[in-house]
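What follows is a short report on a single structure.
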There are 2 protein chains.
Amino acid sequence: MNQSGSISGFPCEQQMPYRQLLDEGQVELLQRNSNVVNYNKKDIIFRQNTRTSHIMLMVSGMVKIFKEGRNERTVLLRLATPGEYIGMMSVMGDQIHQYSATAIENADICFIDINAYRNVLMENGKFSLQLTNLISQDGLFIFNRLMSQTHKQLPGRIADVLLYFAEQIYKQPHFDFPLTRRELAELAGTTKESFIRTLTEFKNDKIIYLDGSRVEIISMDIVKTLSELG
Amino acid sequence: MNQSGSISGFPCEQQMPYRQLLDEGQVELLQRNSNVVNYNKKDIIFRQNTRTSHIMLMVSGMVKIFKEGRNERTVLLRLATPGEYIGMMSVMGDQIHQYSATAIENADICFIDINAYRNVLMENGKFSLQLTNLISQDGLFIFNRLMSQTHKQLPGRIADVLLYFAEQIYKQPHFDFPLTRRELAELAGTTKESFIRTLTEFKNDKIIYLDGSRVEIISMDIVKTLSELG
DNA sequence: TTATTAGGATGATTTATATCATCTCTCTTT
DNA sequence: AAAGAGAGATGATATAAATCATCCTAATAA
């Protein structure tokens, strides 16, 4: 098993979305049936095509969710940060993971027993409805990311990656890429070389400042325009 | 309003997934808060970026769900047939339709009041859980279709379209395309010309029989192989 | 009835981007 | 310390598929 996986009794209560909709008994039930697992950078959390076993909730760190294709092609779907469920759609869908997840930095993940969780869903309609909401939003999000990869050309896709980090992940226009160029390319749906080339063009055109993994978006307007033009 | 939309009191009960999980009162509540609308071929059912208003359940006919891009590019996501919800992910997600739907043949669609439906979800955990399941499967499905469009090359994508009709829609290896070549191309994530060319190659290679919109898959094995090779 | 538009089909040309090749630099690993 | 591996970068080349152009036919409108 490629996971450093040390189990701790640490509660994951504070990261659970809509925890306030749960009553004491429900919190306690989930508490009794969950535990936090620590992963080191590069550890595999789950592989696609394996059976789902638990509800997984990010407590700390960052994880990449990706689909592995037959011919080496892998597609990076999204990054998951604390407070987000991972693999939820597969758990609720067909019980087989449709994608893989690995830690891109040390991460703590809360594992919750599926049956306990389902019981809570069944007896708490409001909580359940909110979960439906979360899953739907997650679906729409991945869906938009894939649309970007499918139907925009390179500059638009690279712009989307920049916006993804600036708006969704770090919520500021300057940040360090937490991924290699290869992984960034997988996130943009292209190759490492093409990604580098286009990013360099952005740099030369003074749209961004770039030094290694350090990025600063100089002209957010242009990036957004590129994203919209596709 | 571009809809022939005549309202009838016809019940949509028999098409509702997991209707057996509902009790009499719940069925009656949904019944009182729903009505069937008839659409003619080519009628628009809803447009993307509009607010969601009702839960919509297909009663008869066929509908195409698609995303309209800025530069004329539209992507056909899936077809919906009786017993399927349409726009559910948007209703449950962010209340704004993320895609459009039009009837590709005369269709009856059951419109259910969102609040009535949500009330049922909240008081019936089993039903609610099944809905979560449906939405997840829907998400995974669209997700796989888009993966096909993004990361397979033409023959693989055309093969996927053939398999979609043969396995999902008609459940037999011979059928009539219910769409124009342009729409089929949108379903495959390509252009009309490229779609026609590749389909003609399939015909010349005796993988399929083809005459106008009539298709018969001669070698299902080859089609599946093409799909898998990508 | 003729004119116009939309669908289908093919060939020629262009183009975006993947692929291949090479080089440097920095880490590991031994 | 040497050697190997992985990341980043850039130029040259190949290629899949889009675009453009044309033609035919059938449906629809004037």
Side-chain angles (χ1 to χ4, degrees), chain A residues 40-42 64 69-76 102 104-105 148-161 176-205 208-215 226 229-230, chain B residues 40-42 64 69-76 102 104-105 148-161 176-205 208-215 226 229-230:
Chain A
N40 289 327
K41 191 170 175 168
K42 296 193 177 176
K64 66 170 179 175
R70 358 211 151 259
N71 38 8
E72 286 297 298
R73 263 215 174 303
T74 79
V75 186
L76 218 164
T102 72
I104 59 171
E105 54 183 58
S148 156
Q149 290 187 10
T150 326
H151 298 277
K152 288 185 181 181
Q153 50 195 60
L154 259 185
R157 303 204 301 255
I158 306 310
D160 282 341
V161 168
D176 284 338
F177 282 133
L179 302 171
T180 65
R181 296 292 195 262
R182 163 166 296 285
E183 289 169 313
L184 290 167
E186 286 165 2
L187 190 59
T190 181
T191 57
K192 186 181 63 158
E193 294 95 321
S194 294
F195 185 91
I196 290 172
R197 255 187 270 275
T198 308
L199 204 63
T200 304
E201 275 170 38
F202 283 14
K203 179 188 183 178
N204 293 339
D205 294 347
I208 59 170
Y209 164 86
L210 180 68
D211 178 35
S213 59
R214 182 75 195 160
V215 191
L226 284 168
L229 288 180
Chain B
N40 289 328
K41 191 171 173 167
K42 296 196 178 176
K64 66 170 180 177
R70 4 219 145 252
N71 38 6
E72 284 297 297
R73 263 214 176 305
T74 78
V75 186
L76 217 164
T102 72
I104 60 172
E105 54 184 59
S148 155
Q149 290 188 11
T150 326
H151 296 278
K152 288 184 181 181
Q153 49 196 62
L154 259 186
R157 284 183 275 165
I158 307 310
D160 281 342
V161 168
D176 285 338
F177 281 134
L179 302 170
T180 66
R181 296 293 195 261
R182 162 165 296 284
E183 289 169 313
L184 289 167
E186 287 165 1
L187 189 59
T190 181
T191 58
K192 186 181 64 157
E193 295 95 321
S194 294
F195 184 91
I196 290 172
R197 255 186 269 276
T198 308
L199 204 64
T200 305
E201 275 170 39
F202 283 14
K203 180 188 183 179
N204 293 339
D205 294 347
I208 59 169
Y209 164 86
L210 179 68
D211 178 36
S213 60
R214 182 77 196 159
V215 191
L226 284 168
L229 289 180

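Hydrogens, waters and symmetry mates are skipped; everything else that's a heavy atom, side chains included, is used. Keep in mind it's a predicted model, so treat the numbers as computed, not measured. Reminder, nothing fancy here: chain letters follow the sequence lines and each chain counts from 1.
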Value in whole Å for how far the C1' atom of C/dT28 lies from NZ of A/Lys41: 14 Å
Exercise: identify the closest heavy-atom pair between A/Lys152 and A/Arg157: O-NH1, 2.9 Å
Closest non-hydrogen atom pair, B/Thr198 against B/Pro155: CG2-CA, 4.1 Å
Nearest-0.5 Å distance, CG of residue A/Leu199 to CZ of residue A/Phe177: 5.5 Å
Considering all heavy atoms, the nearest B/Lys42-B/Thr102 contact: O-CB, 4.5 Å
Residues in contact with DNA chain C, drawn from residues 153-161 of chain B - heavy-atom cutoff 4.0 Å: none
Atom pair NZ (A/Lys64) and CD (A/Glu105), whose distance is rounded to the nearest 0.5 Å: 13.0 Å
Over 12 foreign heavy atoms within 6.0 Å of CZ, A/Arg181: yes
For atom NZ of B/Lys42 and atom P of C/dT5, their distance in whole Å: 15 Å
B/Asp176 and B/Arg214: CA distance, side-chain angles, deciding distance, side-chain contact (heavy atoms from CB on, under 4.5 Å) verdict: CA-CA 4 Å; B/Asp176 285 338; B/Arg214 182 77 196 159; 3.0 Å; yes
Short side-chain N/O contact from B/Thr190 to OP1 or OP2 of D/dA18, under 4.0 Å: yes
Interatomic spacing from OG1 in A/Thr200 to CG in A/Leu210 - rounded to 0.5 Å: 7.0 Å
Gap between atoms CG and C1', on B/Asp211 and D/dT25 respectively (whole Å): 14 Å
Inter-residue atom distance A/Thr190.OG1 - A/Leu154.CG, 0.5 Å rounding: 4.5 Å
Atom pairs, protein N/O to nucleotides 8-15 of chain C N/O, distance under 3.5 Å:
unit_1	atom_1	unit_2	atom_2	d
C/dG8	OP2	B/Arg181	N	2.6
C/dG8	N7	B/Lys192	NZ	3.4
C/dA9	OP2	B/Arg181	NE	2.8
C/dA9	OP2	B/Arg181	NH2	3.3
C/dT10	OP2	B/Thr200	OG1	3.4
C/dG11	N7	B/Arg197	NH1	3.0
C/dG11	O6	B/Arg197	NH2	3.4

Separation of B/Arg182 CZ from B/Leu76 CG (nearest 0.5 Å): 12.0 Å
d(CD, A/Glu201; P, D/dA9) in whole Å: 14 Å
Spacing of B/Glu201 atom CD and B/Ile158 atom CD1 [to the nearest 0.5 Å]: 10.0 Å
The helix from C/dT1-D/dA30 to C/dT30-D/dA1: angle between end helix axes, five pairs per end, rounded to 10 degrees: 30°
